[in-house]
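Here the structure comes first, spelled out in structure tokens, and everything after it is commentary.
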There are 2 protein chains.
Amino acid sequence: MSELHSEYTKEGQSIHALVVELTFTFFKLRSSGDSQYQKYGLSSGRMALMRSLFSGGPQTVSAIAASRPVARQGIQRMVNAMVKDDLLLLAENPRHKRAKLVELSAAGNALYRQVLKEEIEFMNTLSEGMSSGSINECRNLLVQLRDKLALDDST
Amino acid sequence: MSELHSEYTKEGQSIHALVVELTFTFFKLRSSGDSQYQKYGLSSGRMALMRSLFSGGPQTVSAIAASRPVARQGIQRMVNAMVKDDLLLLAENPRHKRAKLVELSAAGNALYRQVLKEEIEFMNTLSEGMSSGSINECRNLLVQLRDKLALDDST
DNA sequence: GTAACTTTGACAATGCGTTGTCAAATATGA
DNA sequence: TCATATTTGACAACGCATTGTCAAAGTTAC
């Protein structure tokens with residue numbers, strides 16, 4: 001601890017500690033997810049993509065990218081690879097000749113549902129002993145934090 | 001929403017929502033941090049490394065890597081680059097001929113303190129309107145979550 | 001002391017994200 | 001309509017993390 005830390009307000013200090021913990025928890029969560037996914041040849045990125053298609057229906061690459069903090073070209077590359085793996089299909093888009101609609105193939109849909117099922121069980125296990133009230137309060141605070149960040153920069 | 005979601009317990013559903021929000025908040029936080037750091041030629045990774053050295057004192061590359069969820073060779077590469085940029089120094093290690101002690105140079109220390117100062121102000125701003133009690137509760141819940149993850153896998 | 005094991009830094013390959021460029025397709029507006 | 005601007009996918013280059021391999025340095029056990 002340096003003397004600089006005395007410039008923190010009490011709340012500022014708490015937020016800093018929260019940010020540090022959030023970072024550790026995020027990495028832990030992602031590596032835990034990846035180790036669950038890898039036995040199906042999936043990754044966190046591929047799962048997130050399938051999740052978007054499963055809940056949002058067929059969409060263009062641009063639309064998928066716009067709904068998440070990832071670059072359009074990253075999604076494009078991922079989609080191309082997953083089409084090759086027969087997890088996704090490209091359907092004609094009546095509104096745009098080049099921008100095809102990306103959708104889950106039958107195999108992709110089945111795989112996603114399988115993994116989602118495991119994921120739900122995992123979340124249920126993780127939440128044992130916690131109250132949904134305190135979990136929701138925590139989430140609300142993160143939303144609040146993120147909203148403040150959105151004001152701060154134009155990312 | 002698919003029929004699969006009915007397999008969630010109430011708490012499981014909440015945890016899932018929390019995990020989604022946590023992910024968004026993490027990315028927002030990191031990009032916000034990076035845009036603050038870049039005017040000093042730094043990145044989140046470099047800042048984290050300097051933070052370790054500032055608070056933990058001179059350490060070997062291996063020790064730094066062991067204290068965070070990053071690979072040893074990633075730290076090694078970063079250290080080599082930052083030594084070239086005169087932000088870090090390699091001091092002789094009496095206990096090991098090859099494993100030098102990494103420490104902040106005078107320039108690195110000054111730069112870190114400058115950025116830290118801005119960061120503290122930023123955290124103070126972010127926390128305005130929040131109670132340190134609710135922030136700490138949120139952090140405690142994340143700690144609890146991370147502990148459960150640690151049990152689950154051996155990452 | 002010495003043989004076997006582990007830790008460490010250099011080097012290389014790879015994975016997966018980013019950005020930039022370009023041409024085709026589309027949208028906009030005078 | 002037609003000129004201009006934007007969106008889109010392919011391609012390339014790069015950034016920054018990972019893993020694996022190897023030889024030098026250090027540790028441990030006998």
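Just so you know, these numbers use all the heavy atoms, side chains as well, and skip hydrogens, waters and symmetry mates. The structure displayed is predicted, hence computed values, not measured ones.
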Is the shortest side-chain heavy-atom distance between [X] and [Y] below 4.5 Å?
X      : Y     : result
A:L145 : A:I15 : yes
B:V102 : B:P58 : no
B:S43  : B:Y37 : no

How many Å lie between [atom1] on [X] and [atom2] on [N], as a whole number?
X      : N      : atom1 : atom2 : value
B:E92  : D:dG26 : CD    : P     : 11 Å
A:K100 : C:dA25 : NZ    : P     : 11 Å
A:N93  : D:dT7  : CG    : P     : 16 Å
B:R95  : D:dG26 : CZ    : P     : 12 Å
B:R30  : C:dT18 : CZ    : P     : 10 Å
A:K97  : C:dT26 : NZ    : P     : 6 Å
B:L101 : C:dT8  : CG    : C1'   : 13 Å
A:L88  : D:dG9  : CG    : P     : 14 Å

The residue, B:A63 or A:V70, whose nearest nucleotide of DNA chain C is more 5′ is B:A63
For B:R46 and B:A81 the tightest heavy-atom approach is NH2-CB, 3.8 Å
Under 3.5 Å, side chain of B:E11 to main-chain N/O of A:I135, donor-acceptor pair present?
no
Can you tell which of [options] lies closest to the side chain of [X]?
X     : options                : result
A:Q73 : D:dG26, C:dA25, D:dA10 : D:dA10
B:R98 : C:dT18, D:dA25, D:dG9  : D:dA25
A:H96 : D:dG9, D:dT8, D:dA25   : D:dT8

Does [X] make a side-chain N or O approach to OP1 or OP2 of [N] shorter than 4.0 Å?
X     : N      : answer
A:Q76 : D:dA10 : yes
A:S62 : D:dT8  : yes
B:N80 : C:dG9  : no

Counting any heavy atom closer than 4.0 Å, what does A:A71 reach on the DNA or RNA strands: base, sugar-phosphate only, or nothing?
base
Classify the side chain of B:R72 and the base of C:dG9 as holding, or not holding, a donor-acceptor pair under 3.5 Å.
yes
